[in-house]
Amino acid sequence: MKRLSKLCTIALGLVFVSNVALAETTEFTPLNFSDSTTVTSTPKTTIITTDTKGNVMLDPSQVTGGTKMQNAILQIDNAQVEVRNKLLEYRTEYAKIDSQYEVTKTERKNAKKKIKQEEKKIKNLEKVKKNIRKNFEQKNNI
């Protein structure tokens, strides 16, 4: 079980590192695109033309997405906090149940041991009783 979890952790780490490497090499920002990009296609070739307007300064509210975008991000952050809190609750509940399971498992093991001991005692008493009967019958038959 530990070996499997270690392998999964290593695989997840490798995926994460490769994603980070890909993310660093990929340059995608929505601000790189302009509205004047046109694509025309002919049967054999595709031609892409872009009109450059020079340095266009954007309003800060447009870059950050405005107040609606910020509110949406805050709502997502709040939802994330709530989900993390629920996760903590579930983890504590799981730990509690797991400890109860371990206690019950130990109690079950001890009870099973006691049952086996008592069954063993009964078998021994049956053997002793059987031997006594045999001895008594032998003495009576002599």
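Just the heavy atoms: all of them, side chains too, but no hydrogens, waters or symmetry mates, feed the values below. Not measured: the values here are computed from a predicted model.
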Legend entry - Contacts of type salt bridge (Lys or Arg N to Asp or Glu O under 4.0 Å), residue Glu89, not counting sequence neighbours: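 Per chain and number, Glu89 pairs via salt bridge (Lys or Arg N to Asp or Glu O under 4.0 Å) with no residue.
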Inset, instruction - Using a strict cut-off of less than 4.0 Å between a Lys/Arg side-chain nitrogen and an Asp/Glu carboxylate oxygen, indicate whether Lys134 and Glu137 qualify as a salt bridge. - result: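 Not counted as a salt bridge, because no side-chain N and carboxylate O are separated by less than 4.0 Å.
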Legend entry - Under-4.0 Å salt bridge between Lys121 and Glu118: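 Counted as a salt bridge, because a side-chain N and a carboxylate O are separated by less than 4.0 Å.
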Legend entry - Results of side chain to side chain contact (heavy atoms under 4.5 Å, CB included) for Glu93 - residues two or more places apart only: Tyr90, Ile97
Legend entry - Residues that Gln80 engages under side chain to side chain contact (heavy atoms under 4.5 Å, CB included), provided they are two or more places apart: Asp77, Arg84
Measure the spacing between [atom1] of [X] and [atom2] of [Y] and express it to the nearest 0.5 Å.
X: Thr92; Y: Leu87; atom1: OG1; atom2: CG; answer: 9.5 Å
X: Lys129; Y: Ile132; atom1: NZ; atom2: CD1; answer: 10.0 Å
X: Asn135; Y: Lys139; atom1: CG; atom2: NZ; answer: 6.5 Å
X: Asn78; Y: Gln75; atom1: CG; atom2: CD; answer: 7.5 Å
X: Lys120; Y: Lys116; atom1: NZ; atom2: NZ; answer: 10.5 Å

Legend entry - Under 3.5 Å: donor-acceptor pair, side chain of Asp98, backbone of Tyr94: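 Side chain of Asp98 to backbone of Tyr94: no pair is present.
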Inset, instruction - Given side chain to side chain contact (heavy atoms under 4.5 Å, CB included), test Lys96 with Gln100 step by step and report yes or no. - result: CA-CA 6 Å; Lys96 181 180 167 185; Gln100 289 174 350; 3.9 Å; yes
